[in-house]
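Inspection log for the structure reproduced underneath, given as structure tokens.
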Amino acid sequence: MIIHFIVIGQKMPRWVQDGYTEYAKRLPKACSLKLVELPMATRGKSGSVAHYKAEEAKRILAVLPKGCKLVVLDEHGQQTTTVQFSQKLDDWLASGQDVALVVGGPDGLAPELIQQAEWKWGLSKLTLPHPLVRVLVAEQIYRAWSVLQNHPYHRE
């Protein structure tokens, strides 16, 4: 299974690249993480948030692999414990389908895209900076995988 981590935003600081890569490389091929960075919609004085979200949704849909499970990160999404998330990962692995994990731009995701999602994942009630979300998601996927493998990385 491949988890396509589709994110709006490019040119992250080095610490983000290093943090993301550290966790992504720990995952086995059976649960690999593939980062797909897309440019933000160009913001201007006369643009609207709805327009920016729609433009970014088009970009996301253009790279969304066919037949994959769509999961969006959303502030109103379901928050889970590590063990609950590991069970979700186990379900994804058992399904044999690839997963697309999508993070929108600074304005969030278009409602139409959110409605298409199989699951809406809320990382925290806190507002998190986009660079940190990349590292956090990669680490949580690795942590969930380690729980499934009874690896000592996660301690309860």
Determine, step by step, whether Ile3 and Leu27 satisfy the side chain to side chain contact (heavy atoms under 4.5 Å, CB included) criterion, reporting the C-alpha distance in whole Å, the side-chain angles of both residues, the deciding distance to 0.1 Å, and the verdict. CA-CA 11 Å; Ile3 299 173; Leu27 290 164; 6.0 Å; no
Does some side-chain heavy atom of [Y] sit less than 4.5 Å from a side-chain heavy atom of [X]?
X: Tyr142; Y: Leu33; result: no
X: Thr80; Y: Lys88; result: no
X: Leu89; Y: Gln140; result: no
X: Tyr20; Y: Met12; result: no

Rounded to the nearest 0.5 Å, how far does [atom2] of [Y] lie from [atom1] of [X]?
X: Leu38; Y: Ile60; atom1: CG; atom2: CD1; value: 6.5 Å
X: Ile141; Y: Ser86; atom1: CD1; atom2: OG; value: 12.5 Å
X: Ser146; Y: Glu139; atom1: OG; atom2: CD; value: 8.0 Å
X: Glu75; Y: Ser124; atom1: CD; atom2: OG; value: 11.0 Å
X: Lys125; Y: His76; atom1: NZ; atom2: NE2; value: 11.5 Å

Single-linkage hydrophobic cluster, 4.5 Å side-chain cutoff, [X] and [Y] together:
X: Val137; Y: Leu148; value: yes
X: Leu93; Y: Tyr153; value: yes
X: Phe5; Y: Leu128; value: yes
X: Leu70; Y: Val36; value: yes
X: Met40; Y: Leu132; value: no

Assess the residue pair Glu55 and Lys58 against the criterion (side chain to side chain contact (heavy atoms under 4.5 Å, CB included)); give the C-alpha distance rounded to whole Å, side-chain angles, the decisive distance to 0.1 Å, and a yes or no. CA-CA 5 Å; Glu55 188 177 324; Lys58 286 179 190 173; 5.8 Å; no
Side chains of residues 94-109: which donor-acceptor partners sit under 3.5 Å, not counting sequence neighbours?
| from | atom 1 | to | atom 2 | distance (Å) |
| --- | --- | --- | --- | --- |
| Ser95 | OG | Trp92 | O | 2.8 |
| Ser95 | OG | Gln97 | N | 3.1 |
| Gln97 | OE1 | Lys69 | NZ | 3.2 |
| Gln97 | NE2 | Gly67 | O | 2.7 |
| Asp98 | OD1 | Ile2 | N | 3.0 |
| Asp98 | OD2 | His4 | NE2 | 3.2 |
| Asp107 | OD2 | Arg43 | NE | 3.4 |
| Asp107 | OD2 | Arg43 | NH2 | 2.6 |

Mind listing the closest non-hydrogen atom pair of [X] and [Y] along with its distance?
X: Tyr52; Y: Ala41; answer: O-CB, 3.8 Å
X: Ile8; Y: His130; answer: O-CD2, 4.4 Å
X: Gly9; Y: Arg134; answer: O-NH2, 2.6 Å
X: Cys31; Y: Trp145; answer: CB-CD1, 4.1 Å
X: Phe85; Y: Ala144; answer: CD2-CB, 3.5 Å

Mind checking salt bridge (Lys or Arg N to Asp or Glu O under 4.0 Å) for Asp18 and listing every partner two or more places apart, or none if nothing turns up?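 Asp18: salt bridge (Lys or Arg N to Asp or Glu O under 4.0 Å) contacts with Arg14.
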Hey, can you pull the donor-acceptor pairs under 3.5 Å for the side chains in residues 112-121, sequence neighbours left out?
| from | atom 1 | to | atom 2 | distance (Å) |
| --- | --- | --- | --- | --- |
| Trp119 | NE1 | Gln78 | OE1 | 2.6 |

Ignoring hydrogens and geometry, is there a side-chain-to-backbone donor-acceptor pair from Gln79 to Gly122 under 3.5 Å?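 It does not hold such a pair.
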